[in-house]
Amino acid sequence: MSEERSLNFIEDIIERDLKEGRVKSILTRFPPEPNGYLHIGHAKSICLNFGLGIKYGGKTNLRFDDTNPVTEETEYVESIKADVRWLGFEWANEFYASDYFEQLYGYAEKLIERGLAYVDDSTSEEIAEQKGTPTQPGRRNNYAERTPEENLQLFREMRAGTYPDGSKVLRIKGDMSSPNMLMRDPIIYRIKHAHHHRTGDAWCIYPMYDFAHGQSDSIEGITHSICTLEFVPHRELYDWLIEKLEIFPSRQYEFARLNMTYTVMSKRKLLQLVNEGNVESWDDPRMPTISGMRRRGYTAKSIRDFCDRIGVAKRENLIDLGLLEFFVREDLNKTALRRMAVLDPVKLIITNYEENKYELLPSENNPEMPEKGERMLHFGRELWIEREDFMEEASKKWFRLAPGSVVRLKSAYIVRCTGFEKDESGKLTTVMAEYIPESKSGSDTSGIHAKGTIHWISAPHAVTAEVRLYDRLFRVEDPSSEEGDFKSYINPDSLQIISKAYMEPDLLSAVPGVPYQFLRKGYFVLDSVHSKENHLVFNRTVTLKDTWAKEAKKG
RNA sequence: UGGCCUAUAGUAUAAUGGUAGUACGACAGAUUUUGGUUCUGUUUGUCUAGGUUCGAAUCCUGGUAGGCCAACCA
């Protein structure tokens with residue numbers, strides 16, 4: 001799989017750092033905020049960070065960036081850990097920014113003592129107003145004149161809980177006329193009398209991202225701190241703080257985040273879809289979340305291969321959902337057991353086959369893996385076939401059933417269609433055919449060539465199950481870039497429920513996570529949420545490539 | 001109207017001053033008891049204008065286009 005490929009720009013940097021001895025070994029980290037579920041964009045970051053650790057014989061930490069107690073929950077921590085593990089990665093250490101609160105507080109006092117930070121009593125509106133604009137410099141207020149002693153006392157009182165939320169902040173004494181807005185005296189501590197999922201009520205002041213992330217990197221000795229492009233402006237502050245604090249010089253590098261067609265990739269928007277009931281949950285199989293994809297039947301390998309292939313660069317991108325599907329099919333084709341299932345059933349009567357007689361016919365479990373063996377299928381007079389496999393008036397390109405046509409029933413006999421019946425409304429109810437006894441699969445002596453092969457299931461032996469077919473969540477390629485509310489571009493037909501499909505009886509023993517290919521219909525997996533012992537529910541992971549559908553569309 | 005980041009086939013990504021390549025897609029064909037798989041072939045590209053150089057996708061300058069930055073979010 002991993003044939004030699006050229007390096008991405010981060011690998012270039014790492015190889016140079018290793019070669020020139022700037023670092024002896026590398027240490028990366030995956031640093032999610034536990035305020036939501038991980039999505040495929042995070043998978044790119046996970047594969048990058050952990051992949052680099054593995055590739056260069058280094059290590060990777062999992063660090064929760066839990067500096068904002070009001071948005072973070074233990075539930076998210078657990079789901080994130082499960083998702084990273086499921087993707088196939090193991091972290092060297094599990095850390096939390098909150099582990100470092102005491103140390104970070106010490107750093108802050110150090111800055112105050114050196115006159116590099118001050119306590120500001122302004123409101124957030126005043127601070128914003130004084131900040132200026134990208135084209136106009138900001139101005140500093142009188143609070144910036146406070147002495148280190150004064151600041152130290154105020155900051156200690158902030159920590160002690162003397163002041164209410166929003167009444168004071170600690171700011172860096174930066175450069176109010178910097179073209180980089182982030183350097184204009186950024187806030188590094190704010191007062192929040194809130195319960196933290198790990199530190200409980202021990203703290204009422206919390207560090208901001210810029211005073212936690214880089215410092216955590218340094219504390220852990222992270223050599224290469226890899227983040228997404230929107231943090232580019234933060235790098236100047238990241239480096240400034242390392243220099244002033246005289247701590248381990250981690251370095252930040254930025255890459256372009258993943259965007260994919262027909263979905264959205266921001267936690268805020270995904271949360272909205274969940275909260276407003278557009279999807280069932282974070283792990284709805286239509287969601288671009290890791291948990292949603294897992295439930296849908298995407299494999300960890302296919303996601304890793306995808307992340308590998310899309311590469312790492314600094315250019316904005318919008319990747320075709322079809323590429324992910326390609327890797328899903330590629331993996332599943334090799335591993336999924338073949339089964340027959342009829343989703344939209346119509347009776348097929350083999351008129352010259354004896355009533356109440358059945359025979360058992362073998363069929364391969366996976367043509368890609370002969371060692372997976374065969375299972376036996378019941379064949380008899382009454383079968384279920386797919387409604388779309390019959391056409392009353394067919395063109396010469398039609399290989400399936402039509403009056404007079406000849407097709408192979410997969411792993412069974414060749415049949416010749418002799419007739420059909422419709423109900424009063426004109427809906428097809430039954431197809432009639434005669435089988436050719438000497439055309440039996442494996443020992444075909446009929447000399448007849450059938451152009452098409454269709455799947456089927458013995459009517460008396462079939463079990464029923466619910467099947468859920470999914471389509472893209474949005475009607476447009478890039479919902480976030482369209483006019484107006486992104487939710488107005490939701491695809492109303494993203495979920496189709498088939499309440500009664502017929503399938504092979506051994507599917508009764510299916511378990512979530514084990515993929516099947518329903519012949520000619522796609523890859524399916526048992527749904528981990530809705531499936532019950534007496535009510536099977538299968539999710540369609542992805543369709544098979546369908547060149548016929550494309551041909552038919554051409555007219 | 002400031003600063004920063006970016007620009008290579010339809011979509012991604014490589015070529016690190018020296019033959020523009022790879023994957024997906026599309027198209028055509030072969031194989032096939034899944035209109036699947038597999039195999040073969042074809043197709044399409046360096047944003048623009050200058051400059052440096054024997055030689056530029058690559059370096060420089062201007063332009064154009066897209067993205068990011070004015071949260072007590074991360």
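These values consider heavy atoms only, across backbone and side chains, with no hydrogens, waters or symmetry-generated copies. Here is the naming used below: chain letters follow the sequence lines, and residue numbers restart at 1 for every chain.
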> In whole Å, what separates the C1' atom of C54(B) from that of G63(B)?
29 Å
> Rounded to the nearest 0.5 Å, what's the gap from CD1 on Ile385(A) to CZ on Arg400(A)? Could you check?
10.5 Å
> Give one of base, sugar-phosphate or nothing for Val70(A), where a contact means two heavy atoms less than 4.0 Å apart.
nothing
> Restricting to side-chain contact (heavy atoms from CB on, under 4.5 Å), what partner residues turn up for Glu236(A), sequence neighbours left out?
Asn180(A), Met183(A)
> In whole Å, measure the gap between the P atoms of G25(B) and G36(B) for me.
12 Å
> Using Watson-Crick and G-U wobble pairs with both distances under 3.5 Å, what is the 5'-to-3' dot-bracket string of RNA chain B, with [ ] for crossing pairs and | for pairs outside the strand?
.((((((..((((....[..)))).(((((.......)))))....(((((..]....))))))))))).....
> Using the side-chain contact (heavy atoms from CB on, under 4.5 Å) criterion, which residues pair with Ala501(A)? Sequence neighbours excluded.
Leu343(A), Val467(A), Ile498(A), Met503(A)
> Could you give the distance separating G67(B) and A26(B) at their P atoms, to the nearest angstrom?
29 Å
> Can you tell me the distance, in whole Å, between the CD1 atom of Ile319(A) and the P atom of U11(B)?
12 Å
> In whole Å, I'd like the distance from the CZ atom of Arg235(A) to the P atom of C4(B).
12 Å
> In whole Å, what is the span from the CG atom of Leu324(A) to the C1' atom of G25(B)?
15 Å
> Suppose you measure atom P in C60(B) against the same atom in C5(B); what distance do you get, rounded to whole Å?
12 Å
> In whole angstrom, give the distance that lies between atom CG of Asp320(A) and atom C1' of A9(B).
15 Å
> Would you kindly give the CZ-to-C1' distance between Phe326(A) and A12(B), to the nearest whole Å?
14 Å
> Expressed in whole Å, how much space separates the C1' atoms belonging to G21(B) and G29(B)?
25 Å
> Determine whether the aromatic ring centres of Phe9(A) and Phe255(A) lie less than 6.0 Å apart.
no
> In whole Å, measure the gap between the C1' atoms of U13(B) and A57(B) for me.
14 Å
> Can you name the residues that form a ring-ring contact (aromatic ring centres under 6.0 Å, His included) with His213(A), not counting sequence neighbours?
Tyr209(A)
> Starting at atom CZ of Phe9(A), determine the distance to atom P of C5(B), rounded to an integer number of angstrom.
13 Å
> To the nearest Å, how far apart are Glu15(A) CD and U16(B) P?
15 Å
> Using the C1' atom in both, what is the distance from A9(B) to C24(B), to the nearest Å?
12 Å
> Considering residues at least two apart in sequence or located in another chain, which fulfil the side-chain contact (heavy atoms from CB on, under 4.5 Å) criterion with His195(A)?
Asp201(A)
> Rounding to an integer number of Å, can you tell me how far Phe255(A) CZ sits from A14(B) P?
13 Å
> Tell me, please, which residues at least two apart from Tyr413(A) pass ring-ring contact (aromatic ring centres under 6.0 Å, His included).
Phe379(A), Tyr435(A)
> Find which nucleotide of RNA chain B each of Asp12(A) and Leu318(A) is nearest to by heavy atoms, and output the residue with the more 5' nucleotide.
Leu318(A)
> Could you encode protein contacts along nucleotides 67-74 of chain B as a string, one character per nucleotide from 5' to 3', using B for base contact, S for sugar-phosphate-only contact and - for no contact, with a heavy-atom cut-off of under 4.0 Å?
SSSBSBSB
> Sequence neighbours left out, what passes ring-ring contact (aromatic ring centres under 6.0 Å, His included) with Trp398(A)? Give chain and number order.
Trp548(A)
> How does each nucleotide of nucleotides 30-42 of chain B score, in 5' to 3' order, for protein heavy atoms under 4.0 Å: base (B), sugar-phosphate only (S), or none (-)?
---BBBBS-----
> Taking C27(B) as the reference, what is the distance to G10(B) when you measure between their P atoms (whole Å, please)?
16 Å
> Output yes when a side-chain donor or acceptor of Asn275(A) lies under 3.5 Å from a complementary backbone atom of Gln272(A), and no otherwise.
no
> Tell me, please, which residues at least two apart from Arg520(A) pass salt bridge (charged side-chain N to carboxylate O under 4.0 Å, His left out).
Asp389(A)
> Tell me every residue that passes ring-ring contact (aromatic ring centres under 6.0 Å, His included) with Tyr76(A), counting only those two or more places apart in sequence or in another chain.
Tyr37(A)
> Going by the salt bridge (Lys or Arg N to Asp or Glu O under 4.0 Å) test, which pairs reach into residues 121-136 of chain A, not counting sequence neighbours?
Asp121(A)-Arg146(A), Asp121(A)-Lys168(A), Glu129(A)-Arg139(A)
> Arg472(A) and Thr263(A): side-chain donor and acceptor closer than 3.5 Å?
no
